[in-house]
Q: 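Quick one: this structure, given as C-alpha cells, is what I'll be asking you about.
Along the sequence shown, residues are numbered consecutively beginning with 1. Counting starts at 1 for both ligands and their atoms, following the listed order.
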Amino acid sequence: MPQYASPRARAVYGFDAPGIMLGLLFGGAAGVWSGCLITVLAPGIASPFWRYTGSVAALVGAVPLFFGLLMVLYAFVGKLRTRDHIIHLCGLCGDETVLDVGTGAGLLLVGAAKRTPRGRVIGIDVWSAKDLSNNSSAATMRNATVEAVADRVDVQTGDARALPFPDASFDRAVSLLCLHNIEPKLDQARACHEIARVLKPGGRVVIGDYVPTHAYAAAFKDAGLTIIQSKPAFGVALSLMWILVAEKAIGLPKPT
Ligand SMILES: C[S@@+](CC[C@H](N)C(=O)[O-])C[C@H]1O[C@@H](n2cnc3c(N)ncnc32)[C@H](O)[C@@H]1O
C-alpha cells in the first residue's frame with residue numbers, strides 16, 4: 001500500500017559521525033571558554049603564567065571547535081551541495097540503475113532517484129549508529145516517501161565488502177562518506193573491488209569522502225577501471241571532501 005507523507009514533512013539526512021561532532025563542539029568550546037575565562041575575564045588575579053596557559057588553552061580549544069562547526073555547516077549546507085555535485089558527475093540520462101553504497105538516510109539515493117524517473121536506485125547499508133544519527137532503513141524510506149521517489153527505490157541491509165548483487169548489475173554506483181568507516185583499511189580496497197564488480201561495462205562510479213581518495217583510486221585501477229578524477233572538492237562541500245570518478249571500459253567482443 002502506498003505511504004503518504006504529511007505535506008509539511010521534510011527529508012532529514014542526519015549528522016555524520018554525531019559522537020565525534022559533539023565531542024569536537026563541546027570539547028573545543030570548553031577549551032575556548034576556560035582559556036578565555038583565565039586570560040580575559042580575570043586579568044587582575046591571573047599571573048602571567050596563567051594568562052599564558054589560558055591563551056594556549058583557548059587556542060588549542062579553537063581547533064576542535066572549528067572542525068565541529070565545519071561538521072555542522074556540512075550537515076546543513078555542504079551535504080546538499082555535495083549530493084548535487086556527485087549526482088551531476090554521474091551524468092545520468094534518466095533510465096539508469098544506480099547503487100548507493102552506505103546510503104544512510106538516503107541522501108544520494110533520493111538525489112539519484114529524482115534524476116532517474118525511468119530507472120531504479122538501490123541503497124545498501126549496515127545502519128551503523130555511530131556513523132550517522134537516526135540511522136535506519138525506516139528513516140531512509142521515510143525520506144524517499146517525503147521526496148516522492150519511494151516507488152523507484154529499494155533499501156537493503158548489506159555490507160560494501162560483499163555486495164549482494166550479481167556482476168554487472170548497475171549503470172552507476174555512488175557512495176558518500178562511507179568507505180573510510182570500513183576497518184581494517186585493506187577492506188576498503190575490497191569494497192572498491194566489489195563496487196567495480198557490480199558495475200556494468202561502460203558504467204561509472206562516483207565516490208565522495210573526507211579523506212583523500214587516492215587509495216580508492218588505486219583499488220579501482222587494480223580492478224580494471226579508468227580513473228577520471230581523484231581530487232579535493234572543499235569548495236563544494238564547504239568542508240574536507242575528495243571526489244573520485246572512475247569508469248569501467250565497455251568490453252569489446254573477442255575477435256574470432
Ligand atoms: C557518514 S554516513 C553517510 C551516509 C550517507 N552516504 C550520507 O552521505 O548522508 C556513513 C554510512 O556508511 C554506512 N557504512 C559503514 N560501513 C559500511 C559497510 N561496511 N557497508 C555498508 N555501509 C556501511 C554507515 O552505516 C552509514 O550509514
Q: Measure the distance from atom 9 (O) of ligand 1 to every protein heavy atom, then report the residue, atom name and distance (to 0.1 Å) of the closest one.
A: Lys79 NZ, 3.3 Å
Q: So, is Ala160 polar-close to ligand 1, with some N/O to N/O distance under 3.5 Å?
A: yes
Q: Would you mind running through ligand 1 and noting each atom that sits below 4.0 Å from a heavy atom of Trp127?
A: 25 (O)
Q: Between Ile182 and ligand 1, which residue portion shows a heavy-atom distance shorter than 4.0 Å: side chain, backbone, both, or neither?
A: side chain
Q: If you count the non-hydrogen atoms of other residues, nucleotides and ligands that lie under 6.0 Å from NZ in Lys200, is the total more than 12?
A: yes
Q: Which of the atoms of ligand 1 are close to Asp16, meaning less than 4.0 Å from one of its heavy atoms?
A: 1 (C), 2 (S), 3 (C)
Q: Assess Arg83 for proximity to ligand 1: is some non-hydrogen atom of it under 4.0 Å away?
A: no
Q: Applying side-chain hydrogen bond (donor to acceptor under 3.5 Å, both in side chains), run through Tyr216 and Asp209 and close with a yes or a no.
A: CA-CA 10 Å; Tyr216 309 152; Asp209 215 328; 2.8 Å; yes
Q: So is there a nitrogen or oxygen of Ala105 less than 3.5 Å from a nitrogen or oxygen in ligand 1?
A: no
Q: Suppose I only count heavy atoms of Asn181 and a 4.0 Å limit; which atoms of ligand 1 are within that range?
A: 10 (C), 15 (C)
Q: Identify, for atom 25 (O) of ligand 1, the protein heavy atom at the shortest distance, and state residue, atom and that distance.
A: Asp125 OD1, 2.5 Å
Q: At under 4.0 Å between heavy atoms, is it the side chain or the backbone of Asp159 that contacts ligand 1, or both, or neither?
A: both
Q: Which part of Asn135 is near ligand 1, with near meaning a heavy atom under 4.0 Å away: side chain, backbone, both or neither?
A: side chain
Q: Step through the shown structure and confirm whether more than 12 heavy atoms of other residues, nucleotides or ligands are within 6.0 Å of CG on Leu69.
A: yes
Q: Does ligand 1 have any atom sitting under 4.0 Å from a heavy atom of Gly158?
A: yes
Q: Between Phe76 and Tyr13, is the ring centre distance below 6.0 Å?
A: no
